[in-house]
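In what follows, a single structure is set out as structure tokens and then discussed.
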Amino acid sequence: MANGLSHIIQSLKLVARYGLIVLNDGLICLPIKRRLVMFESFNGKDVNDNPAAIYRELVKTHPEYAQTAYFSVKPREYATLQAKYPEIKLVKRFTPRWVGLMARAEFWVLNSRLPNWWHKNRQTQIIQTWHGTPLKKLGADIKHVAIPGTTTTEYHQQFVTAASRWDYLIAPNQYSQDIFKSAFGFHNQFLSIGYPRNDVLYTTSSERVRQLKQDLLGAVTGPIVTYAPTWRDDMAVRPGVYQFDLPFDLGEFFQHVPATTHLIIRPHYLVKDAIDIHGFEDRVTVLADTDIAKLYLISDLLITDYSSVMFDFANLKRPELFFAYDLAHYRDQLRGFYFDYEREIPGPLVTTASAFYQQLDVWRTAGEFADYHDRQAAFYHKFCEWEDGTASQQVAQVIVNGKEV
């Protein structure tokens with residue numbers, strides 16, 4: 001009975017999808033509408049990242065776009081996001097209204113891929129912002145893809161096909177631009193300008209940072225440490241169920257940092273409810289959904305492993321500590337790296353809890369990792385030199401002028 005009902009539901013979804021495709025294929029024959037811009041972040045999960053930074057700059061500097069710019073969001077997120085962002089025009093993804101807007105938009109501004117079966121108006125231009133500097137192998141550069149229902153060759157082709165539709169692709173640095181060429185097979189116009197989402201790291205005042213601390217953590221006066229581990233492809237216990245265990249003991253952690261330290265844990269949203277901070281609620285805060293740039297701005301130390309947060313946080317020239325407790329497994333079996341991780345990361349690398357606590361002692365005493373100054377400077381030069389706080393302005397100029405900066 002359950003299988004039969006599931007089959008019926010799936011069939012209805014396919015019929016609905018086909019109907020939307022037919023509607024779209026008719027509407028994309030019409031002329032585009034000037035100043036109609038569709039934004040989407042992570043397939044409609046939130047209003048954040050590079051698309052949100054570009055949207056805010058666009059409507060701030062060209063208020064007329066506030067009436068013609070929309071954010072595409074998943075239907076199940078619509079009510080929550082509408083309450084959170086009442087000033088933004090939201091539209092539910094894959095609904096007839098969304099189809100009508102997408103079909104006649106002058107620009108789509110996205111940070112991930114739309115399905116290749118979704119067609120665009122020939123006059124619509126796509127600005128692909130992407131969403132990180134790649135450490136792990138990406139797209140067509142992944143040698144073996146273990147995703148049910150697809151082969152490695154098919155997966156590679158999906159990326160190349162998607163990228164062939166992008167008119168513009170934002171690159172945060174030369175390293176990423178070179179990788180995007182191979183991973184996506186991208187041959188159109190790069191916007192070599194840094195990431196719009198990082199503009200705030202250069203333009204936010206110290207007074208605003210103090211206010212962010214108050215808003216997010218209350219009356220916290222001591223140092224703030226953020227732990228932001230990467231998503232691991234093997235976190236799934238079974239479909240829809242995930243696990244993540246902290247690789248260090250919270251009680252021990254607080255013995256190796258200043259007495260007034262507050263710890264923020266920034267997990268992947270799928271494991272945010274699996275983290276146990278019992279007994280440390282007054283000193284540890286789990287923030288899975290907060291704009292991560294806000295966490296960068298208030299943090300004195302970032303602890304991570306293989307996450308691309310290492311590249312964004314480096315813009316602030318503050319210390320980073322890398323706790324890669326499963327380095328061999330992650331590097332050699334899960335995804336593989338583009339660069340020499342162990343030689344280039346801008347801070348100490350530890351793989352055991354005891355070594356982790358030792359490095360925390362160093363930071364507690366000095367407030368930095370002095371032995372890594374040269375490596376930190378080299379890392380900034382390689383990954384952050386294109387960043388200057390103006391990326392959002394430059395993309396807004398592309399949208400308004402309809403041409404590259």
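We count residues from 1, following the sequence as given.
Scanning for ring pair (Phe, Tyr, Trp, His ring centres under 6.0 Å) contacts around Tyr70 gives an empty result, with sequence neighbours left out. For His131, the ring pair (Phe, Tyr, Trp, His ring centres under 6.0 Å) criterion is met by Phe42, not counting sequence neighbours. Under the rule for a salt bridge (charged side-chain N to carboxylate O under 4.0 Å, His left out), Asp249 has no partner lying at least two apart in sequence or in another chain. Here Phe311 pairs with Phe379, Phe383 under the ring pair (Phe, Tyr, Trp, His ring centres under 6.0 Å) rule; sequence neighbours left out. Not counting sequence neighbours, the partners of Phe356 by the ring pair (Phe, Tyr, Trp, His ring centres under 6.0 Å) test are Phe248, Phe323. Partners of Ser299 under the side chain to side chain contact (heavy atoms under 4.5 Å, CB included) rule, at least two apart in sequence or in another chain, are Ile224, Thr226, Phe313. Lys89 pairs by the salt bridge (charged side-chain N to carboxylate O under 4.0 Å, His left out) definition with nothing, not counting sequence neighbours. By the side chain to side chain contact (heavy atoms under 4.5 Å, CB included) test, Asp215 pairs with Arg208, Gln211, sequence neighbours left out.
Shortest non-hydrogen contact noted between Asp305 and Met310 is O-CE, 3.7 Å. When all heavy atoms of Pro319 and Leu301 are compared, the pair lying nearest together is O-CD1, 3.4 Å. Among all heavy-atom pairs drawn from Phe254 and Thr261, the shortest one is CE2-O, 3.5 Å. Of all heavy-atom pairs between Ser308 and Gly132, the closest is OG-CA, 4.2 Å.
Side-chain contact, Gln359 with His256: no donor N or O sits under 3.5 Å from an acceptor N or O. A donor atom on one side chain and an acceptor atom on the other are not found under 3.5 Å apart for Asp46 and Ser41. Residues Asn173 and Tyr195 have side chains that never bring a donor and an acceptor to within less than 3.5 angstrom of each other. Inspection of the Tyr202 and Asn315 side chains reveals an N or O donor paired with an N or O acceptor under 3.5 Å. Under the 3.5 Å distance criterion, with hydrogens and angles disregarded, no donor-acceptor pair is assigned to the side chains of Thr161 and Asn116. One side chain, Ser72 or Trp98, offers a donor N or O that lies under 3.5 Å from an acceptor on the other.
Within the 3.5 Å criterion, the main-chain N or O of Arg343 finds a donor-acceptor partner in the side chain of Arg375. Thr304 contributes a side-chain N or O that, together with a main-chain N or O of Ala228, makes up a donor-acceptor pair within less than 3.5 Å. Between the side chain of Trp166 and the backbone N or O of Ile127, no donor-acceptor pair lies under 3.5 Å. Between the side chain of Thr352 and the backbone N or O of Ala355, at least one donor-acceptor pair lies under 3.5 Å. Between the side chain of Gln128 and the main chain of Trp130, a donor-acceptor pair closer than 3.5 Å is present. No side-chain donor-acceptor contact under 3.5 Å links Glu320 to the backbone of Ile303.
Atom CG of Asp340 sits in a crowded spot, with more than 12 heavy atoms from other residues, nucleotides or ligands closer than 6.0 Å. By the 6.0 Å contact criterion, NZ on Lys33 is open, its count of non-hydrogen atoms from other residues, nucleotides or ligands being 12 or less.
Two residues are said to be in side-chain contact when any heavy atoms from C-beta on lie closer than 4.5 Å; Tyr341 and Leu349 meet this criterion. Considering only heavy atoms from C-beta on, Pro223 stays 4.5 Å or farther from Val257 through its side chain. Under the 4.5 Å side-chain criterion, counting only non-hydrogen atoms from C-beta, Leu216 is in contact with Thr290. With contacts defined as side-chain heavy-atom distances shorter than 4.5 Å, the pair Leu169/Phe184 qualifies. Side-chain contact check for Leu114 versus Leu110: some heavy-atom pair is nearer than 4.5 Å. For the pair Leu201/Tyr296, a side-chain contact is recorded, criterion being any heavy-atom separation below 4.5 Å from C-beta on. By the 4.5 Å heavy-atom criterion applied to side chains, Trp363 and Asp300 are counted as neighbours.
The stretch residues 168-185 participates, sequence neighbours left out, in no salt bridge (charged side-chain N to carboxylate O under 4.0 Å, His left out) pair at all. Sorted by first then second residue, the salt bridge (charged side-chain N to carboxylate O under 4.0 Å, His left out) pairs that include residues 90-100, not counting sequence neighbours, are Glu40-Arg93.
Exactly one of Ile399, Asp199, Asp49 qualifies for a side chain to side chain contact (heavy atoms under 4.5 Å, CB included) with Ile54. That residue is Ile399. Between His119 and the options Thr124, Asn24, Asp25, a side chain to side chain donor-acceptor pair (under 3.5 Å) holds for only Asp25.
If you take NZ on Lys317 and SG on Cys384, they are separated by 9.0 Å, rounding to the nearest 0.5 Å.
In this structure, Lys137 is positioned above the aromatic face of Tyr338, its NZ or CZ under 6.0 Å from the six-membered ring centre and within 45° of the axis. Annotation: cation-pi pair Arg266/Tyr227 absent, no NZ/CZ under 6.0 Å from the ring centroid and within 45° of its normal.
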Validation: residues 79-87 side-chain donor-acceptor distances under 3.5 Å, sequence neighbours left out:
from	atom 1	to	atom 2	distance (Å)
Gln82	NE2	Tyr78	OH	3.0
Tyr85	OH	Val47	O	3.4

Solution key, residues 58-69 side-chain donor-acceptor pairs under 3.5 Å, sequence neighbours excluded:
from	atom 1	to	atom 2	distance (Å)
Thr61	OG1	Glu57	O	2.7
Thr68	OG1	Arg35	O	2.7

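One finds no salt bridge joining Arg197 and Asp291 here, because no Lys/Arg side-chain nitrogen approaches an Asp/Glu carboxylate oxygen to under 4.0 Å. Salt-bridge formation is detected for the pair Glu106/Arg34: a Lys NZ or Arg NE/NH1/NH2 atom is positioned less than 4.0 Å from an Asp or Glu carboxylate oxygen. A salt bridge is defined here as a Lys NZ or Arg NE, NH1 or NH2 lying under 4.0 Å from an Asp or Glu carboxylate O, and Arg210 with Glu207 meets this definition. Salt bridge present: Asp361 and Arg364 bring a charged side-chain N and a carboxylate O closer than 4.0 Å.
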